Amino acid sequence: MRRPRGEPGSRAPRPTEGATCAGPGESCEKAWAGRPKPLVQGHAAGSPAPNSMLRVLLSAQASSARLSGLLLLPPVQPCCLGPNKWGDHRPPGGGPHAGPVQGLQRLLEQPPPVEQATLQDLSQLIIRNCPSFDIHTIHVCLHLAALLGFPSDGPLMCALEQERRFRLPPKPPPPLPPILRGGQRLEAALSCPRFQRRPQQHLIRSLAEARPEELTPHVMVLLAQHLARHRLREPQLLEAIAHFLVVQEAQLNSKVVQKLVLPFGRLNYVPLEQQFMPCLERILAREAGVAPLATVNILMSLCQLRCLPFRALHFVFSPGFINHVSGTPHALIVRRYLSLLDTAVELELPGYRGARLPRRQQVPIFPQPLITDRARCKYSHKDIVAEGLRQLLGEEKYRQDLTVPPGYSTDFLLCVSSCGSVLPVRAQDPFLPYPPRSCPRATRDPAQRVVLMLRERWHFCRDGRVLLGSRALRERHLGLMGYQLLPLPFEELESQRGLPQLKSYLRQKLQALGLHWGPEGG
């Protein structure tokens, strides 16, 4: 006689493909306990209730391996629900650890009250067996305990956390920070991209604590580049670079020397080191034919300092050197530098009688605005000064951004008669003859050329008092060519509040030179 289904001793029928498990109110203990790794098929409502699930767990006390397997519940449907909280990606239906999160989700979806005694039995069962669990089962038990409301500081959670930490690979001890001495600390600071822009005292202290053998060419090049990049005119650091160059002269080639010399020209600083110039002359004599671009870079820095050595000029203006650089990738920039050097010889070295750059090799020195001016044009005062001059003088009586031979740009240029009257620029030749000695000024052209030079904040060293070498060189050469300069410092421009004040400021500046203009200028 067949026994009613559900009575003790009855055998559950073997489920066929597509069959469902018993519902929430029916018993599934034997169906689950009879298999080490059961398969739950069907819809979510057909999964065992939490109390039933706990009884299944409690029935596995005899075997910790069996409990481990029972905790790893398979998914309701053989599909992947994405990564779980531990970052694992479960393939559809796959693997011995498939679906622990889905099983726990079923516990959450069906949370009827669980007896306290049952929870305590489950806690003791897991505590006794957790030393034999693998790390994944421990994670599942931690999640299950949290879902069932076990306190985080209770014995179950503490035991599981202890086992979890025990399973983790030991972390290697953090390496001890190296003890950095003066030169090493200096290099580390200068190599750090987050290094502050104005750490003079930190640099000075690191430099003072460094031993001589720690101050390598690499460290000093980093220091020189830092000073030049951030316009830091710090005498103590610059003197240290100059002294290093003199002491290490025999070990330095011209490619390193050009980087060490760069901040002196850029920052318009002549060092007190007496052997600085003789040392550079010896290096140029030794290295000039080896690295042409480095040679002219060194001479450019010295040109900004008004310290050009005759012997090196003879060499770079020689036909052999010019022919050699003409076939190099740097030919154009070398010719530009040589053109500037030739201008410096023309204007500043009347006693020079050596070779000069041939006229056919000369090119404009600065054919376009400098990179710094282009990058900071939105912070410039040029537009408002231009509007002030337009309203004050009229559009015909000034020229903006005019480049005069041999290639220097001017912010604003005025033509002025001998009596001080501002003339229409387009009716005059705005250029003074260059070179001056080949075409001396004649009395038939008594008009003066006045150049208004904006001195923006970034045209100065960081201290705001000394013009950068390139700016000082341009103003010096324009003055030597015969242009009358009217500087407009940034401090004065920034103090003007609005266009009416600026016009009044410009009027006072021009009248101080003895200039006057017609009624349209007011």
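Nothing here was measured: the structure is a model prediction, and the numbers come from that model.
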If we ignore hydrogens and angles and just use 3.5 Å, is the side chain of Arg455 paired with the main-chain N or O of Pro487 as donor and acceptor? no
May I ask you to decide if Gly265's main-chain N or O and Ser301's side chain share a donor-acceptor pair within less than 3.5 Å? no
From Leu223 CG over to His218 NE2, what is the distance, rounded to the nearest 0.5 angstrom? 11.5 Å
Heavy-atom count check: over 12 atoms from other residues, nucleotides or ligands less than 6.0 Å from Lys509 NZ? yes
Working for side-chain contact (heavy atoms from CB on, under 4.5 Å), residues Asp401 and Lys382: CA-CA 10 Å; Asp401 296 327; Lys382 184 173 290 187; 2.7 Å; yes
Would you mind reporting whether Leu473 and Asn268 have side-chain heavy atoms less than 4.5 Å apart? no
Enter the distance from His381:NE2 to Arg457:CZ here, rounded to the nearest 0.5 Å. 8.5 Å
Closest non-hydrogen atoms of Cys307 and Met277, given as atom of the first, atom of the second and distance, are O-CE, 3.3 Å
Arg311, CZ: over 12 other non-hydrogen atoms inside 6.0 angstrom: no
Is there a donor-acceptor contact under 3.5 Å from the side chain of Arg353 to the main chain of Pro350? yes
Looking at Arg282, I'd like to know if its CZ atom is crowded, meaning that more than 12 non-hydrogen atoms belonging to other residues, nucleotides or ligands lie closer than 6.0 Å. yes
Side chain to side chain, Leu245 and Ile283, heavy atoms closer than 4.5 Å: yes
Under 3.5 Å donor-acceptor, Asp342 side chain and Leu338 backbone: no
Is the backbone N or O of Cys461 less than 3.5 Å from a side-chain atom of Arg233, with the two atoms forming a donor-acceptor pair by type? no
Which atom names give the shortest non-hydrogen contact between Ala224 and Lys259, and what distance separates them? CB-O, 3.5 Å
Looking only at atom types and distance, does a side-chain atom of His459 sit under 3.5 Å from a main-chain N or O of Leu454, one as donor and one as acceptor? yes
Between Val385 and Asp411, is any pair of side-chain heavy atoms under 4.5 Å apart? no
Given salt bridge (Lys or Arg N to Asp or Glu O under 4.0 Å), test Arg376 with Glu456 step by step and report yes or no. CA-CA 10 Å; Arg376 304 192 182 188; Glu456 303 284 10; over 6 Å; no
Run the side chain to side chain donor-acceptor pair (under 3.5 Å) check on Glu234 and Tyr269 step by step: do they pass? CA-CA 9 Å; Glu234 180 52 58; Tyr269 181 84; over 6 Å; no
Are there more than 12 heavy atoms of other residues, nucleotides or ligands under 6.0 Å from atom CD of Gln236? no
Contact check, side chains of Pro358 and Ile322, non-hydrogen atoms, under 4.5 Å: yes
Test side-chain contact (heavy atoms from CB on, under 4.5 Å) on Val257 and Glu287; report intermediate values, then the result. CA-CA 10 Å; Val257 172; Glu287 297 275 337; over 6 Å; no
Mind listing the closest non-hydrogen atom pair of Ala312 and Leu284 along with its distance? CB-CD1, 3.9 Å
For Leu232 and Leu267, work out which heavy atoms get closest and say how close. O-CD1, 3.1 Å
Residues Leu207, Leu215; criterion side-chain contact (heavy atoms from CB on, under 4.5 Å); working and verdict: CA-CA 8 Å; Leu207 190 64; Leu215 298 178; 3.8 Å; yes
Pro430 and Cys415: which non-hydrogen atoms are nearest, and at how many Å? CA-SG, 4.2 Å
Check the surroundings of atom CD in Gln274: do more than 12 heavy atoms from other residues, nucleotides or ligands lie under 6.0 Å from it? no
Determine whether a donor-acceptor pair (N or O, by modelled atom type, separation under 3.5 Å) exists between the side chain of Asn297 and the backbone of Gln258. no
Backbone N or O of Phe460 within a donor-acceptor pair of the Arg231 side chain at under 3.5 Å? yes
Take Ser254 and Arg286 through the side chain to side chain donor-acceptor pair (under 3.5 Å) test and state the conclusion after the steps. CA-CA 9 Å; Ser254 56; Arg286 183 183 75 221; over 6 Å; no
Could you measure the distance from the CG atom of Leu499 to the CG atom of Leu392? Nearest 0.5 Å is fine. 10.0 Å
Taking Glu492's backbone N and O only, do any of them form a donor-acceptor pair with Ser495's side chain (distance below 3.5 Å, no angle check)? yes
Quick one, Met481 with Leu347, criterion side-chain contact (heavy atoms from CB on, under 4.5 Å). Give me CA distance, side-chain angles, the key distance, then yes/no. CA-CA 8 Å; Met481 285 189 286; Leu347 299 175; 3.9 Å; yes
At what distance, to the nearest 0.5 angstrom, does OH of Tyr398 lie from CZ of Arg426? 10.0 Å
List the atom of Val345, the atom of Arg356, and the distance in Å for their closest heavy-atom pair. CG1-CD, 3.7 Å
Any non-hydrogen side-chain atom of Val404 less than 4.5 Å from a side-chain atom of Leu413? yes
Using a 6.0 Å cut-off, check whether atom CD of Gln501 has over 12 heavy atoms from anything other than its own residue. yes
On the 0 to 90° scale, with breaks at 30° and 60°, tag the Phe276-Phe264 ring pair as parallel, tilted or perpendicular. tilted
Close side-chain approach of Leu393 and Leu506, heavy atoms under 4.5 Å: no
Is any side-chain heavy atom of Arg449 less than 4.5 Å from a side-chain heavy atom of Asp429? yes
Charged N-O contact under 4.0 Å between Glu475 and Arg471: no
Spell out, as yes or no, whether a donor-acceptor pair under 3.5 Å connects the side chain of Arg462 to the backbone of His230. yes
Apply side chain to side chain donor-acceptor pair (under 3.5 Å) to residues Glu348 and His477 and explain how you reach the verdict. CA-CA 8 Å; Glu348 300 185 38; His477 283 185; 2.4 Å; yes
Strictly under 6.0 Å, is that where the ring centroids of Phe321 and His314 end up? no
Taking C-beta and beyond as the side chain, do Met157 and Asp153 meet within less than 4.5 Å on heavy atoms? no
Kindly compute the distance separating CG (Leu515) from NZ (Lys397), expressed to the nearest 0.5 Å. 11.0 Å
Run the ring-centre check on Tyr408 versus Tyr483 and record whether the distance is less than 6.0 Å. no
Rounded at 0.5 Å granularity, tell me how far CG in Leu260 sits from CE in Met220. 7.5 Å
